[in-house]
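Heads up: the structure comes next, in structure tokens.
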Amino acid sequence: MQRAVGRSITSILVFALLIGTAWTGRASVARQGVDPTLHAGDVALIQVAADTAWTVAADLTSAGATDVIAFDSVNVVSARLSDQALATLATDRAVLRATTDARVAAVGGGGNGKDLDKVGSASTKDSIGIEAINAAAAWSLTTGASVVVALMDSGISAHPDLPSGKVIARVDLANDGALGLDPAGHGTHLAGIIAGHGTTFRGVAPDALLVDIRVLDASGQGTLRSVVAGFDWLLKNRTALRIRVLNLSFGTTQTSSYHTDLLSALAESAWFAGVTVVAAAGNEGSDGGTISTPGTDPFIITAGSFDDQGTPSGQDDCESAFSSRGPTLDGFAKPDVLAPGRRVVSLRAAGSQIAPVVPGHGAAQGGTSSSSLYTRMSGTSVSSAMVSGVAALVLSFHTSYTPTNTKGAILASGRGITGTPTRAVMAPSAVSALPRVVNSQLLPSRLLMTALQKRGLVGSGTTWEGVTWEGVTWERVMWETVTWEGVSWESVSWEGVAWERVNVTQHSAQGGSR
């Protein structure tokens, strides 16, 4: 946890949040570099001269600023400004640049307030859930035992279908003072899909373990700073906790190539550190070019949604009308795979605002448990959780698989869905299939590589062509030492960032990422 004028995040990307908002060339209130849109009451991210973070933080505190945090390793201070503190920014010579922190929000029911239960279909039948990917047929081979899945979301609540010891570690980076473990309810729903293990409800990988990285607050909102802290924590603790899979059911509009996109660089940092990353495609509908980042990154696995129509027959399955499609700005044909995402019933966090399911309408597999324990959601965030569960099954059976092997196995497992070239994941096939060749000609994020080069973690002058990046020994990279100073962030836009509480990512046209 961070503490006021205290704890520094000793790694990734806080600096990026400062200069990610395009302030370059703006007029200044008192001097160039101080964003003129900053007002008293705003949370500011402030780049300061080397070794002055603590001094600036103390000065701002004296000037009435609150929530002051010194990130001394990256020469950044964060503070909620008072009028006097705002004036201090404009006159303090140690202040190099200052701008507002970006807010992110979990959007219940889908983008633009849409009720995703009703988009593209009038059916009120609940999904058949994990039956649609035949998960139970894989359990004779593996139930996901020994695999740890990290869920970066709104938290994971206690629940009868998440037995004691299921969640092996928790960290709360939302810092909202919430009393419940998941007052928003979104993360608990996804946790059940991934690894629920109750008497009437089971997830895709019922014996997998979970790590709760909470970055969204009680209202389903958060900041990019929280997400940066989440990746920082993940990379520092992945080895000790043996984290093999990361589920990301949030996203934002892609505005630049993955080579200059912050969330792509973060996702790749986990991928190359040996963590299979699964991201949601987004819920912006069937128009092309609507995949959300980080799902636009070509390395990771991007999950879209299909509607199983509440029937075991695959003949009536179709790609969900709300599920985002590619290509990405870089020409990749995402999503990589489809999984159930409409009207999927899973666990309900006690005390959350999410309504319980109506008794008799899929309260749980078997329909015998109290309806107050279960709820339904629609969106590609649900699909992402399905695929994360399948990844846990694959890694439990093939303990030596890399993220690339795992992606290849999942893509090799697919069955056809009428009307779309993207195939639906099938759990038994993913476990037993010979992995497809994927990611064979892709280049890592230049943003990521530039940062690593500047820290001396990969060789300077690294060429981008002809390198088998999957063969690089990424474990020698000390991720907790990575900072992003000197990286150009001017092309990154943080306006319009939206996180999905019930949803959220597209297909690979180049580089063999399918």
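Hydrogens, waters and symmetry mates are skipped; everything else that's a heavy atom, side chains included, is used.
Counting only heavy atoms from C-beta outward, the side chains of Asp161 and Leu373 never approach each other to under 4.5 Å. Between Leu248 and Ser384, the closest side-chain pair of non-hydrogen atoms is not below 4.5 Å. Side chains of Ile133 and Val204 form a contact here, defined as non-hydrogen atoms less than 4.5 Å apart. The side-chain heavy atoms of Pro340 and Phe306, taken from C-beta on, include a pair separated by under 4.5 Å. For the pair Val245/Leu395, a side-chain contact is recorded, criterion being any heavy-atom separation below 4.5 Å from C-beta on.
Every residue two or more places apart in sequence or in another chain was checked for a side-chain hydrogen bond (donor to acceptor under 3.5 Å, both in side chains) with Arg242, and none qualifies. By the side chain to side chain contact (heavy atoms under 4.5 Å, CB included) test, Ile213 pairs with Ala150, Met152, Val171, Leu173, Val211, Val215, Trp233, Leu234, sequence neighbours left out. Applying the side-chain hydrogen bond (donor to acceptor under 3.5 Å, both in side chains) rule to Thr276 yields no partners; only residues at least two apart in sequence or on another chain are considered. Listed by chain and residue number, Lys125, Gln309, Ser313, Asp316 satisfy the side chain to side chain contact (heavy atoms under 4.5 Å, CB included) test with Thr311 (two or more places apart in sequence, or in another chain). For Asp307, the salt bridge (charged side-chain N to carboxylate O under 4.0 Å, His left out) partners at least two apart in sequence or on another chain are Arg342. For Asp317, the salt bridge (charged side-chain N to carboxylate O under 4.0 Å, His left out) partners two or more places apart in sequence, or in a different chain, are Arg415. Legend: residues meeting side chain to side chain contact (heavy atoms under 4.5 Å, CB included) with Pro163, ordered by chain and number and at least two apart, are Lys166, His197. Thr142 is linked by a side-chain hydrogen bond (donor to acceptor under 3.5 Å, both in side chains) to Ser396, counting only residues two or more places apart in sequence or in another chain. Taking the side chain to side chain contact (heavy atoms under 4.5 Å, CB included) definition, one finds that Ala339 meets it with Ser383, Met386, Val387, Val425, sequence neighbours left out. Applying the side-chain hydrogen bond (donor to acceptor under 3.5 Å, both in side chains) test to Asp176 and every residue at least two apart in sequence or in another chain returns Arg214.
Put simply, the side chain of Arg423 gets close to the backbone of Gly414: a donor and an acceptor are under 3.5 Å apart. No donor-acceptor distance shorter than 3.5 angstrom exists from the side chain of Ser320 to the backbone of Ser323, with no hydrogens or angles considered. The backbone N or O of Arg343 sits nowhere less than 3.5 Å from a side-chain atom of Arg376 that would complete a donor-acceptor pair. With hydrogens and angles disregarded, a donor-acceptor distance shorter than 3.5 Å links the side chain of Ser154 to the backbone of Gly187. The backbone N or O of Leu190 sits nowhere less than 3.5 Å from a side-chain atom of Ser346 that would complete a donor-acceptor pair. In this structure, the side chain of Thr290 does not engage the main chain of Ser324 through any donor-acceptor pair within 3.5 Å. A donor-acceptor pair under 3.5 Å is absent between the side-chain atoms of Asp153 and the main chain of Gly155, judged by distance alone. Side chain of Arg170 to main chain of Ile156: a donor-acceptor pair is present (N/O by atom type, distance under 3.5 Å, no hydrogens or angles). Between the His189 side chain and the Val344 main chain, a donor and an acceptor come within less than 3.5 Å of each other. Between the side chain of Glu268 and the backbone N or O of Ser445, at least one donor-acceptor pair lies under 3.5 Å.
Rounded to the nearest 0.5 angstrom, Ser305 OG and Phe322 CZ are separated by 3.5 Å. The line from CD1 of Ile243 to CG of Leu210 is 10.5 Å long, rounded to the nearest 0.5 Å. To the nearest 0.5 Å, the span separating CG on Asp297 from OG on Ser264 amounts to 4.5 Å. Distance check, rounded to the nearest 0.5 Å: CG of Leu347 to CG of Leu162 gives 5.0 Å. The distance from the CG atom of Leu151 to the OG atom of Ser249 is 7.0 Å, given to the nearest 0.5 Å. Between atom OG of residue Ser257 and atom CG of residue Asp330 there is a gap of 3.5 Å, rounded to the nearest 0.5 Å.
Applying side chain to side chain contact (heavy atoms under 4.5 Å, CB included) to Lys407 and the options Phe299, Trp271, Tyr401 leaves one that passes, Trp271.
Between the side chains of Thr420 and Glu319, a donor-acceptor pair is found at a separation under 3.5 Å. The closest side-chain donor-acceptor pair between Ser388 and Asn247 falls under 3.5 angstrom. For the 3.5 Å distance criterion, the side chains of Thr188 and Ser157 fail to qualify, holding no donor opposite an acceptor.
For the residue pair Leu81 and Ala44, the shortest heavy atom distance occurs at CD1-CB, 3.8 Å. Of all heavy-atom pairs between Ala279 and Ile300, the closest is CB-CD1, 3.7 Å. When every heavy atom of Phe201 is checked against every heavy atom of Gly192, the shortest pair comes out as CE2-O, 3.4 Å. Taking each heavy atom of Ala184 and Ile354 in turn, the nearest pair found is O-CD1, 3.4 Å. Here the shortest heavy-atom pairing between Ile168 and Leu209 reads CG2-CD1, 3.9 Å. In terms of heavy atoms, Ala273 sits closest to Leu235 at CB-CD2, 4.0 Å.
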Is there a side chain to side chain contact (heavy atoms under 4.5 Å, CB included) between Thr375 and Val345 once you walk through the steps? CA-CA 6 Å; Thr375 189; Val345 173; over 6 Å; no
Side chain to side chain contact (heavy atoms under 4.5 Å, CB included) assessment of Leu411 paired with Asp336: CA-CA 7 Å; Leu411 268 60; Asp336 299 297; 3.9 Å; yes
Could you give me the CA-CA distance, side-chain angles and deciding distance for Val382 and Ile193, then say whether side chain to side chain contact (heavy atoms under 4.5 Å, CB included) is met? CA-CA 8 Å; Val382 180; Ile193 292 170; 3.3 Å; yes
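Taking the six-membered ring for Trp and the full ring otherwise, the centers of Tyr374 and His159 sit less than 6.0 Å from each other.
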